[in-house]
S.K.: 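Please find one structure pasted underneath; my questions will follow.
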Amino acid sequence: MPALAVDAATPVAHAFASCDAARFPAPLMAAADKPDAAAWSADLSAALYNVDGWGAPYFFVNDDGDVAVRPHGAATLPGQEIDLAKVVAKAAGPRAGGGLGLPLPLLVRFPDVLRHRVETLNAAFDYAVRSTGYGSRYQGVYPVKCNQDRYVVEDIVEFGEPFRFGLEAGSKPELLLAMSCLVARGNPDALLVCNGYKDDGYVSLALMARTMGLNTVIVLEQEEELDVVVEASRRLGVRPVVGMRAKLRTKHAGHFGSTSGEKGKFGLNATQILSVVTKLKAIGMLDCLQLLHFHIGSQIPTTALLSDGVGEAAQIYCELARLGADMRVIDVGGGLGVDYDGTHSAQTDMSVAYSLEEYAVAVVAAVGRVCDRKGVQHPIVCSESGRALVSHHSVLVFEAFSATAPGQLDAATAYLLDELTDDCRADYRNVMAAAVRGDYDTCGLYADQLKRRSAEQFKEGVLGLEHLAAVDAFCEIVARGMGAPEAPRTYHINLSVFTSLPDMWAIGQQFPIIPIQRLQERPAVDGVLSDLTCDSDGKVCEFIGGRHSLPLHELPTHATRGYYLGMFLGGAYQEALGGLHNLFGGPSVVRVTQSDGPHCFAVTRAAAGPSCADVLRAMQHEPEVMFEVLKQRTDDATAASLARAFGAMPYLVFDPEAAVMSSGESSGMSSDSEGSAGGAAEEEDEEEWEFMRGLTV
């Protein structure tokens, strides 16, 4: 410790008079150099959060400082943009004011965006086919594991019908929903690709699908599955169409490449592929082998790696054709990436260094090049681009309801510094002396020593809790006075990370998270997010762009409610992967379409999230029985409150009037919005809260 003689017995001037951060020399007061809030703009917020990087062509910041949606991408016309803050006001606003009264958190689905994604994917491959002179066509499938929601799957099949777009299933329930949806809405030529490990039940379902007129392909993940397929085929009298998943040598680094390469989880190696061909030929079924499938890995970073892997697979395809298989389709699997951080780079798993059009051209060109060299007819190109299809179509909106406050030392508590022990007071005086001299290194060392010494003396019972708090506040003010960055403040959010953002805590996935309003104001606070669960991992402290905190605004001064954040690009995987930690269920959901009314949108479906009774049932509890047991020990009024508690969502509920958006759109928005949403909300009331009628008082 630097030597600085101070007599601890020397009378100490009143502590608070010298510990205001504003009294430190100006050169180190970095906060004074920050731009004034009045100079801020919505465009600056868009640049700060890189909205144009990860959000294009769907999300942008409008002139009101709200996040808005272009439902038709770049083809969206002026007046068709949807203000996300107004959607939330409509969904969460009180019914008396024209809202739907849905509790938050809220998942907002935009089926128009989903339609645009389907059309854009098919247009990109159509352009690739035409521009390269490819001799066949593209015919994709949607892997339902990415999002099995009924309306998402039905929308994709409906929107993809003109393109012969099909579905991919990886389990029996996924196969059942795919069969039902394709029979009801699909193109007769659409593929139904059956992946995943299989038993007789799975294979029998797939063969039944062929009898229903579906274009079903059973993809072998293991060599042993061939025996199951052959036996079921003979028993049911249905000749199968078979594919094989090849285990390529090509792989990419990072988390998403771990399921590729020679040590990957799925697929057949060269020896196993030849063994399958030999067996099929021996039983006269080699003509049944018509598809080759492979998967390099999700989030393929570059088209160079993509071309390498597709070229290797195309070589296997041509060899199978040479060996006598009736090859028709090459399925390149998933891997079409999403630019989560907007950097358009290959440096991390959060971005990719190509566009959708460049991806399609790389695939088609690589297949065509190998087939031309081998003299093999160009196959139908299929892809399973689920992540790229559904990631953009939904936004998760949640509320920050409180935040930690920066340390303050007012006159009412500053006197406690005078009551410290002699050695602590000596540290305090040394801090101030070093600060006055401008010796900030020494100042920081003494401040750290003061904090450590105070903590030790508190543990020994020498100092009280009030003294410890005063020292902490003083040291925080000293740090700010020296120009040290303020530690991020914790914003408490009405959400479960484990339920709604499972990939964030499970694999470190990052999604864009930004405020959805007040973006015309400078976000002057660095914050991290802490969820409702009783778990230390229930937090978000890593953000896109390599940030360890998120620029946020001060919470509204009139209340600690009404500050809304949105998580974007999370439409794939998160809903199915989410659990029930602490028995927090999923969010409320609304479907919003673009309309010609004054507010440009209509809510076509609204559903409250799972109630306390719903999540209890999921864990084998019986809410009706629980209520009857509890009712025996209370009066009628309390029993009614208990019934309402069973019917409510598990999340925190605030006064709806306090949740009015800063845009002032808390009342009904327009007849076009109210007409469709109101009816939907009434229907959902009947469905979602029906059990309440069974909880009689």
Side-chain angles (χ1 to χ4, degrees), residues 40-56 58-71 81-93 99-100 102-110 113 340 342 391-401 403 491-495 500-501 511-525 527 529 540 543-544 550-556 559-571 574 587-590 592 599-601 603 651 654 658-666 669 673:
W40 202 254
S41 68
D43 288 341
L44 289 175
S45 285
L48 175 67
Y49 296 111
N50 194 22
V51 176
D52 293 339
W54 54 260
Y58 304 107
F59 304 106
F60 71 104
V61 180
N62 65 21
D63 292 339
D64 294 330
D66 297 338
V67 174
V69 182
R70 295 188 179 100
E81 299 97 344
I82 299 173
D83 189 315
L84 187 56
K86 292 179 180 178
V87 172
V88 176
K90 177 65 180 179
L100 302 179
L102 293 175
L104 267 65
L106 178 70
L107 187 69
V108 185
R109 297 196 195 278
F110 295 98
V113 171
Y340 290 103
S391 290
H392 301 76
H393 94 282
S394 65
V395 180
L396 178 68
V397 177
F398 51 94
E399 183 178 14
F401 60 89
Y491 280 61
H492 304 106
I493 56 175
N494 196 13
L495 188 75
S500 296
L501 307 175
F511 299 97
I513 297 176
I514 69 171
I516 66 167
Q517 85 278 50
R518 292 179 59 187
L519 295 175
Q520 77 278 22
E521 306 172 26
R522 184 172 74 86
V525 180
L529 308 179
V540 183
F543 303 89
I544 62 170
L550 184 68
L552 298 169
H553 304 88
E554 293 283 357
L555 291 179
T560 55
R561 306 189 276 279
Y563 188 62
Y564 297 90
L565 302 170
M567 187 274 281
F568 298 81
L569 309 187
Q574 303 316 294
S588 299
V589 181
V590 292
V592 176
H599 293 287
C600 307
F601 72 89
V603 179
Y651 295 92
F654 302 110
V660 175
M661 303 296 290
S662 59
S663 63
E665 297 288 341
S666 61
M669 292 186 182
S673 179

S.K.: Using every non-hydrogen atom in the two residues, find where F543 and V540 come nearest and quote the distance to one decimal.
M.R.: CZ-O, 3.3 Å
S.K.: So L550 and I513, do their side chains get closer than 4.5 Å, heavy atoms only?
M.R.: yes
S.K.: So, using ring-ring contact (aromatic ring centres under 6.0 Å, His included) as the criterion, who are the partners of H393 when residues are at least two apart?
M.R.: none
S.K.: Side-chain contact test, heavy atoms from C-beta onward, threshold under 4.5 Å: evaluate it for P587 versus F398 and give yes or no.
M.R.: no
S.K.: If you compare all heavy atoms of Q517 against all heavy atoms of G562, which two are closest, and at what distance to 0.1 Å?
M.R.: NE2-O, 3.5 Å
S.K.: Taking the side chain as everything from C-beta on, heavy atoms only, tell me whether Y651 gets closer than 4.5 Å to P105.
M.R.: yes
S.K.: To the nearest 0.5 Å, how far apart are CD in E554 and CD in E521?
M.R.: 11.0 Å
S.K.: Please confirm whether the backbone N or O of A85 pairs with a side-chain atom of D83, one donor and one acceptor, at under 3.5 Å?
M.R.: yes
S.K.: Identify the heavy atoms of V67 and P515 that sit nearest to each other, and give their distance.
M.R.: CG2-O, 3.7 Å
S.K.: Parallel, tilted or perpendicular: which fits the ring planes of F59 and F568, with parallel below 30° and perpendicular above 60°?
M.R.: perpendicular
S.K.: Are side-chain heavy atoms of W54 and I544 found at a separation under 4.5 Å?
M.R.: yes
S.K.: Any sub-3.5 Å donor-acceptor pair from H553's side-chain atoms to A524's backbone N or O?
M.R.: no
S.K.: Rounded to the nearest 0.5 Å, what separation is found between the CZ atom of F601 and the CG atom of L84?
M.R.: 9.5 Å
S.K.: Treating Y49 as the side-chain partner and P551 as the backbone partner, does any N or O pair qualify as donor plus acceptor under 3.5 Å?
M.R.: yes
S.K.: What is the distance from atom CG of L565 to atom CD of E399, rounded to the nearest 0.5 Å?
M.R.: 9.5 Å
S.K.: State, with a plain yes or no, whether a side-chain heavy atom of L569 is found less than 4.5 Å away from one of P512.
M.R.: yes
S.K.: Which one of V395, V113, I82 satisfies the side chain to side chain contact (heavy atoms under 4.5 Å, CB included) criterion with V592?
M.R.: I82
S.K.: Quick one: does any side-chain atom of R109 pair with a main-chain N or O of G571 as donor and acceptor, under 3.5 Å?
M.R.: no
S.K.: Enter the distance from D43:CG to D52:CG here, rounded to the nearest 0.5 Å.
M.R.: 8.5 Å
S.K.: Under 3.5 Å, is there a donor-acceptor pair between the side chain of N62 and the main chain of G65?
M.R.: yes
S.K.: Answer whether the closest heavy-atom distance between the side chains of S45 and Q520 falls below 4.5 Å.
M.R.: no
S.K.: According to ring-ring contact (aromatic ring centres under 6.0 Å, His included), who are the partners of F110, at least two apart in sequence or on a separate chain?
M.R.: none
S.K.: Do the non-hydrogen side-chain atoms of V590 and L106 ever get within less than 4.5 Å of each other?
M.R.: yes
S.K.: For the pair Y563 and Y491, name the ring-plane relationship: parallel under 30°, tilted 30 to 60°, perpendicular over 60°.
M.R.: tilted
S.K.: Decide yes or no for L396 and L501: does some side-chain heavy atom of the first lie under 4.5 Å from some side-chain heavy atom of the second?
M.R.: yes
S.K.: Which atoms form the tightest heavy-atom contact between G570 and S394, and what is the distance?
M.R.: C-OG, 4.3 Å
S.K.: Walk me through whether L552 and L529 qualify under side chain to side chain contact (heavy atoms under 4.5 Å, CB included).
M.R.: CA-CA 10 Å; L552 298 169; L529 308 179; 4.3 Å; yes
S.K.: How far does OG of S588 sit from CG of L107, to the nearest 0.5 angstrom?
M.R.: 9.5 Å
S.K.: Would D66 and L519 satisfy side chain to side chain contact (heavy atoms under 4.5 Å, CB included), going step by step from the backbone distance to the final call?
M.R.: CA-CA 6 Å; D66 297 338; L519 295 175; over 6 Å; no
S.K.: Is it the case that the side chain of H492 and the backbone of A400 share a donor-acceptor pair, with hydrogens and angles ignored and the cut-off at 3.5 Å?
M.R.: no
